[in-house]
Structures are given as structure tokens and as C-alpha cells.
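Computed over heavy atoms, backbone and side chain alike; hydrogens, waters and symmetry mates excluded. Residue numbering restarts at 1 for every chain, and letters A, B, ... go by the order of the sequence lines.
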Protein chains: 2
Amino acid sequence: MTQPRASQTNAPRFKDTSRSPELLAIAAKLFYERGYSNVGMRLIAEGAGISVATLYYHFASKAEMLLQITLGVTKEFVDTLLPLLEGDTAMDERLSRLVCSHIERRWERRYWVSTALRELRQLDPEWRAQVDGYLRHYFHTVQAFIERGVAEGIFSVNNPHVATLALFDMIHGINDWFQPEGALSITEMAALYAEYSVHNLLGFRA
Amino acid sequence: MTQPRASQTNAPRFKDTSRSPELLAIAAKLFYERGYSNVGMRLIAEGAGISVATLYYHFASKAEMLLQITLGVTKEFVDTLLPLLEGDTAMDERLSRLVCSHIERRWERRYWVSTALRELRQLDPEWRAQVDGYLRHYFHTVQAFIERGVAEGIFSVNNPHVATLALFDMIHGINDWFQPEGALSITEMAALYAEYSVHNLLGFRA
DNA sequence: GTCTATAAGGAGATAGAC
DNA sequence: GTCTATCTCCTTATAGAC
């Protein structure tokens with residue numbers, strides 16, 4: 001609600017001090033647990049054992065912290081997961097590896113990813129567009145892969161575009177209910193969801 | 001909609017004045033668009049063309065508005081959708097009708113439902129437990145239905161519990177990307193997702 | 001790099017007149 | 001039922017000493 005007073009310079013400083021990754025990790029966890037708008041700079045500073053003023057030495061604003069969390073993890077997903085679709089192995093195997101890795105990585109990085117997806121709207125349009133670019137690139141690459149699989153007769157599903165959306169809906173929802181103490185580990189859950197995605201939803205038959 | 005009158009306890013007043021549905025509709029839309037924590041009572045009052053004090057005549061607090069939005073729509077889903085699983089028609093048909101109706105209703109009531117699911121954490125534990133009760137009842141009823149279908153050989157899927165979660169992940173995700181101006185209407189999208197759910201995911205074969 | 005102290009303003013909520 | 005005026009607390013962010 002409270003609007004930033006000054007310092008609405010258009011470009012983030014990105015000082016990237018040595019402590020900033022540690023501070024971002026603390027902030028991401030708090031944003032995940034309570035929501036970005038319910039976490040004050042006081043609380044982040046407290047969690048890190050520093051003063052608010054010191055926090056402002058490392059980051060120009062609260063919005064810049066959100067941007068760094070959001071942009072960092074989004075870029076990471078594009079850079080580390082999309083390459084799994086390349087290579088010489090069978091297409092269903094490559095897609096399964098992407099789905100499994102996506103689910104596992106999403107769980108490991110849930111403080112960052114959930115914050116990125118939930119709080120994207122709170123970024124300034126210019127910054128938001130940057131993050132959106134990575135998200136769209138990731139989605140469209142997977143969609144094109146699935147469309148190619150359907151064209152080659154490897155997958156069999158109506159409307160590959162919507163099926164890709166359904167696939168992402170499925171694998172993104174896990175984090176809302178997964179309990180690490182439950183019957184299945186995240187690795188087992190990822191394998192089960194990969195079967196649901198590639199086998200059931202997309203209709204791959206060995 | 002019979003609610004207790006004002007009391008001396010901490011319980012919400014639920015005065016249920018004649019204007020309160022209209023005011024809740026305005027609040028739900030704002031909560032949906034900007035997030036509960038980013039919407040002030042001033043903004044809601046402005047949207048309704050009344051003063052903040054008048055808003056407090058109708059509702060005891062901002063949290064009570066959230067509770068009424070959340071509890072109302074959650075109860076509505078239980079009351080109107082679960083009966084679709086009963087009857088004499090084939091089980092796959094009944095489940096398809098529930099999935100379609102759920103998706104369509106969820107779109108119509110997106111301001112209420114998205115607010116309920118996103119902002120559930122912000123309710124006091126006591127109130128939250130009430131809403132959670134409806135949500136769990138809804139989920140468990142559908143899960144039991146699917147488990148019965150698997151036991152009777154109508155559906156064929158590994159781990160019906162997780163498959164039910166995957167089903168809800170799918171049908172809840174639609175609202176995050178659906179565009180009413182797009183190629184498919186919400187009715188067509190619901191039908192496609194019902195096919196994905198019942199046919200592809202749960203392995204129903206006619 | 002880190003601190004204390006403080007500015008400027010928005011938040012939820014209420015009192016009391018009409 | 002609706003209003004104006006106001007209270008108190010919390011928010012983001014900065015100034016300036018060390």
C-alpha cells in the first residue's frame with residue numbers, strides 16, 4: 001500500500017554485494033511464507049540480524065529485492081532445464097527428464113519460484129516484461145517440442161497448445177500440497193507426475 | 001443465508017445488510033486484481049461510492065469481508081457441485097459433469113474463488129479452519145468417487161490419491177491463463193479439460 | 001558496511017454528528 | 001445508514017555519524 005517515495009529510478013542498481021545472495025534467500029523465504037506485501041523491510045533485516053539501513057545499502061528498494069529473486073530463478077530454469085530437451089535419446093525420455101527435473105527443482109527452489117509466480121504482478125511493467133520474457137520462452141519451447149512430437153506421431157493428444165498448458169498446470173500445482181514427510185518423496189512424486197504427463201495426458205505409447 | 005446477529009464475542013457479526021452482497025462483489029474484484037494486502041478499505045469504499053465509516057457499518061473489519069467472500073464461495077461449490085456425482089448415469093459421465101461445471105463456475109466466480117485460494121493463509125486460524133473444512137470435504141468426496149471408479153475397473157490410474165490431486169491442479173490452473181477472447185470459449189475449454197481429466201489422466205475407456 | 005534516528009505518508013479502525 | 005474528522009500504528013526509505 002505504501003508507495004515508495006523517491007528512488008524510482010528506472011534501472012536497478014544490482015550492486016551484487018557479497019552478502020546479497022544470503023539476504024535474498026532470507027527475503028525469498030519470508031515472501032513465500034507470508035506474501036510479499038505482508039513482509040516489511042524490518043522483518044527481513046531482523047531475519048538477517050542487520051538494521052534496515054544496512055539492508056538499503058545492499059538493495060535500492062524492496063521492489064529490487066523482488067526483481068532479483070524473480071529474475072534470477074526464472075533465468076535459472078531456462079538455462080538449466082531447456083537443454084534437457086536436446087540430445088539423441090527418445091523424445092518421451094527427454095520430456096520426462098524435463099518434467100522430473102522441473103518438479104524437483106521447483107520444490108528445492110520453492111521460495112524463489114512461488115514468489116516469482118505469485119508476485120509477478122507487483123513488479124513495475126518494465127521489469128515484469130523482462131521476467132515474462134523468460135517465462136514465455138520456457139513455455140513456448142516446451143510447447144514446440146510437444147507439437148513436434150504430435151506431428152511425428154510420438155505423442156497423441158488433442159490440441160497440443162492447451163495440453164501444454166494442462167501439463168504446466170499439473171506440475172506447478174504440486175508445490176501447493178506436497179508434504180516432504182508424506183508417503184512419497186519429491187523424486188517419487190516427480191516420476192509419478194512424469195508418467196501422468198507424458199504417458200496419460202500426452203498419450204505416449206511405448 | 002441465515003446468520004447470527006451481532007454478539008459480544010470475537011465472532012464475526014455477519015449483519016448481512018441488504019447492500020453487503022454488492023459491497024463484497026466490489027471487494028472480491030479488487031482483491032482478485034491487486035491482492036488482499038494491497039487493497040485498502042479506502043479503495044473499496046471509493047469503488048462503492050461510500051465512505052470508509054459506512055463500510056465499517058456493514059462489516060466489522062477487512063478480515064471479515066475476506067471471510068465472507070471465502071466462506072461463501074467455498075460453501076457454494078460444495079452445495080452445488082458435489083450433488084452432480086450422485087445419480088444413475090455412468091460414473092465417467094458424472095465426473096465429467098462435475099469437472100465441466102467446476103471449471104465453468106470457477107471462471108464465472110473467479111474473483112471469489114481465486115481470492116479464497118490465494119488469501120486463505122491470511123485468515124485467523126479459527127476462521128481458516130472453517131473454510132478448510134469445506135475445501136477438504138470437496139476434495140475427499142471427489143477422491144472417494146475416483147477410488148471407487150478405480151476399484152470397479154471403470155478408471156485405470158496409478159495412485160488414485162495423487163491422481164485426484166493432479167486433476168485438481170489441472171482444473172485450477174486454467175484461470176491463470178484463460179482469455180475469454182481466445183479461440184476456445186470457457187465451455188469448450190471445460191469440455192477439453194474434462195476429456196483430459198477423465199479420459200487421459202484417469203484412463204477411462206468407453 | 002553498519003548503525004541510530006527520523007521523515008512522510010498510508011493502513012485499519014473509531015467517535016460522534018446528522 | 002451515512003458522513004467528517006481523527007487516532008494510532010506501521011510502512012518504505014533517507015540522513016548522517018562511525
Side-chain angles (χ1 to χ4, degrees), chain A residues 1-24 26-27 30-31 33-69 115 119 122-124 127, chain B residues 5-6 8-24 26-28 30-31 33-70 115 119 121-124 127:
Chain A
M1 296 302 303
T2 320
Q3 298 301 327
R5 208 160 14 124
S7 102
Q8 273 301 45
T9 53
N10 279 346
R13 288 190 318 205
F14 279 133
K15 296 181 75 160
D16 223 1
T17 55
S18 60
R19 292 195 68 183
S20 55
E22 170 206 344
L23 298 174
L24 287 174
I26 291 165
L30 288 168
F31 292 161
E33 289 165 347
R34 309 187 186 208
Y36 175 72
S37 302
N38 303 306
V39 175
M41 295 295 265
R42 269 175 186 70
L43 195 64
I44 301 170
E46 232 169 74
I50 59 175
S51 71
V52 175
T54 300
L55 192 51
Y56 276 98
Y57 170 81
H58 293 278
F59 303 97
S61 66
K62 188 183 165 190
E64 195 202 289
M65 300 193 79
L66 179 59
L67 175 65
Q68 291 205 26
I69 288 167
T115 297
E119 315 288 1
Q122 311 226 37
L123 288 173
D124 288 333
W127 293 357
Chain B
R5 279 288 167 195
Q8 295 153 2
T9 70
N10 278 343
R13 289 187 318 203
F14 280 132
K15 297 181 75 159
D16 222 0
T17 56
S18 58
R19 294 196 67 185
S20 56
E22 169 206 344
L23 298 174
L24 287 174
I26 291 164
L30 286 168
F31 292 162
E33 290 166 346
R34 309 187 186 208
Y36 175 72
S37 302
N38 303 306
V39 174
M41 294 298 264
R42 278 167 185 76
L43 195 63
I44 301 170
E46 231 169 76
I50 59 175
S51 72
V52 175
T54 300
L55 192 53
Y56 275 98
Y57 171 80
H58 293 278
F59 303 96
S61 67
K62 186 183 166 190
E64 195 204 288
M65 300 193 79
L66 180 60
L67 175 64
Q68 290 206 27
I69 289 167
T70 296
T115 297
E119 314 289 1
R121 298 175 302 168
Q122 312 226 34
L123 287 173
D124 287 334
W127 293 358

- Query: In whole angstrom, what separates A/Phe59's CZ from C/dG1's P?
  - Reply: 12 Å
- Task: Using the closest heavy atom to pick a nucleotide of DNA chain C for each, name whichever of A/Gly49 or B/Tyr36 lands nearer the 5' end.
- Result: A/Gly49
- Roughly how many Å is it from CZ in B/Phe31 to C1' in C/dG12, rounded to a whole number? 12 Å
- Task: Start with the C-alpha gap between B/Leu67 and B/Leu123, add the side-chain angles, then the distance that decides, and say whether side-chain contact (heavy atoms from CB on, under 4.5 Å) holds.
- Result: CA-CA 7 Å; B/Leu67 175 64; B/Leu123 287 173; 4.1 Å; yes
- With DNA chain D as reference, determine whether A/Ala53 or A/Arg42 sits nearer its 5' end, using the nearest nucleotide of each. A/Arg42
- Task: When you get a sec, tell me which of C/dG12, D/dT2, D/dT11 is the closest nucleotide to the side chain of B/Lys62?
- Result: C/dG12
- OP1 or OP2 of C/dC3 less than 4.0 angstrom from a side-chain nitrogen or oxygen of A/Ser51, does that happen here? yes
- Task: Would you mind telling me which of D/dG1, C/dA13, C/dC3 lies closest to the side-chain atoms of B/Tyr57?
- Result: D/dG1
- Query: Taking OP1 and OP2 of C/dT2, is either one under 4.0 Å from a side-chain nitrogen or oxygen of A/Arg19?
  - Reply: yes
- Residues B/Leu55, B/Met65; criterion side-chain contact (heavy atoms from CB on, under 4.5 Å); working and verdict: CA-CA 10 Å; B/Leu55 192 53; B/Met65 300 193 79; 4.2 Å; yes
- Look up atom CD1 in A/Ile26 and atom CD in A/Glu46, then write down how far apart they are to the nearest 0.5 Å. 11.5 Å
- Just to confirm, is there a sub-4.0 Å distance from OP1 or OP2 of C/dT14 to any side-chain nitrogen or oxygen of B/Tyr56? no
- Task: Could you tell me which non-hydrogen atom of A/Gln68 sits nearest to which non-hydrogen atom of A/Leu24, and how far apart they are?
- Result: OE1-CD1, 3.6 Å
